[in-house]
Amino acid sequence: MIKINNLTFGYKENIFENANATIDNNKITFIIGKNGSGKSTLANILTGLIKPKKGKIIIDNIEITKKIKLSNLRTKISMVFQNPSNQILFNKVYDDIKFTLENINTKEEEIDQKIKESLETVDMLEYINSNPYKLSGGEKQRIAISSILALNPKYIVFDESTSMLDINGKNSIYKLLNKLKNKGIGIIFITNILDELVYADEILIIDDKQIYKYTKKELFNNLNILKEHNLELPFTLKIIEKLNQKGIKAYNEKDILKEISK
Ligand code: ADP
């Protein structure tokens, strides 16, 4: 579990003031909030890239806000960024993942196996010798994810990682989320696309320098919560709201389609 304890951080003005939250290791936790509310800042704090002014971040009983080597931290928590092209360094998929593994001093004889396993998980093994620059956005993003998987982290933060992908690319990432969760990886998924909440288990909303936590059920049963946090309902959630008004519960894509087709 990740514990955010009394987090205070800001640049000129505070973005967080004594904010508290927990993130489970066996859940898909979404982080949402208005533009500029502090989603990316929180991602950077959780992954140790920036230090809080006050408060603690504790990941599985290790306080990461203390002095901790970033390379050690990456085996606990790693981040997939928005632009898949920015995460590629070499012109061969194999070399890209190898570089990540070498950075954490992986034994030479283990490197081959780890590269293959991580590519297998994201369904990209057949691209092991391909040029990543020539792949589609979604494929590049899956290569970035496989680099991270090679580190065997307990948590992965996705910082708007689907925002630059087409629908096929987006779907390939959504499909992966549950697969990674079932491997015991805690997923932290930051997004501006609120339709994506159908893939969440739990939702953190950043608002007014605080972090509010809801289960998907709680939120979907009372979508006014989003409006109270000044977030607009996207099309998918408007449908869920309409179904709710008729006493029908729907929490995922499959349920929604089933209910509206009745
Ligand atoms: P979000 O991801 O929710 O859009 P951010 O975490 O990117 O929000 O930004 C939160 C606030 O902090 C914004 O007002 C933004 O302008 C400001 N901010 C972000 N990064 C910096 C920085 N490096 N220097 C100064 N202000 C920043």
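Not measured: the values here are computed from a predicted model. Just follow the structure's listing: the first ligand is 1, and inside any ligand the first atom is 1. Quick note: numbers below take in every heavy atom, side chains included, and nothing from hydrogens, waters or symmetry partners.
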**Q** Applying side chain to side chain contact (heavy atoms under 4.5 Å, CB included), name anything that partners K3, two or more places apart in sequence or on another chain.
**A** M1, N5, T22, I58
**Q** Salt bridge (Lys or Arg N to Asp or Glu O under 4.0 Å) with E102: which residues, sequence neighbours excluded?
**A** K98
**Q** Anything with a heavy atom under 4.0 Å from ligand 1 counts, so go ahead and list those protein residues by chain and number.
**A** Y11, I15, K34, N35, G36, S37, G38, K39, S40, T41
**Q** Report the C-alpha distance between D201 and K181 in whole Å, list the side-chain angles of each, state the deciding distance to 0.1 Å, and finish with yes or no for salt bridge (Lys or Arg N to Asp or Glu O under 4.0 Å).
**A** CA-CA 11 Å; D201 293 323; K181 173 176 123 172; 2.9 Å; yes
**Q** With ring-ring contact (aromatic ring centres under 6.0 Å, His included) as the criterion, how do F9 and F16 come out once you've worked through the C-alpha distance, each side chain's angles and the decisive distance to 0.1 Å?
**A** CA-CA 5 Å; F9 179 82; F16 295 103; 7.7 Å; no
**Q** Which residues satisfy the side chain to side chain contact (heavy atoms under 4.5 Å, CB included) test with K254, sequence neighbours excluded?
**A** N252
**Q** Looking at NZ of K69 and CD1 of I104, how far apart are the two atoms once the value is rounded to the nearest 0.5 Å?
**A** 11.0 Å
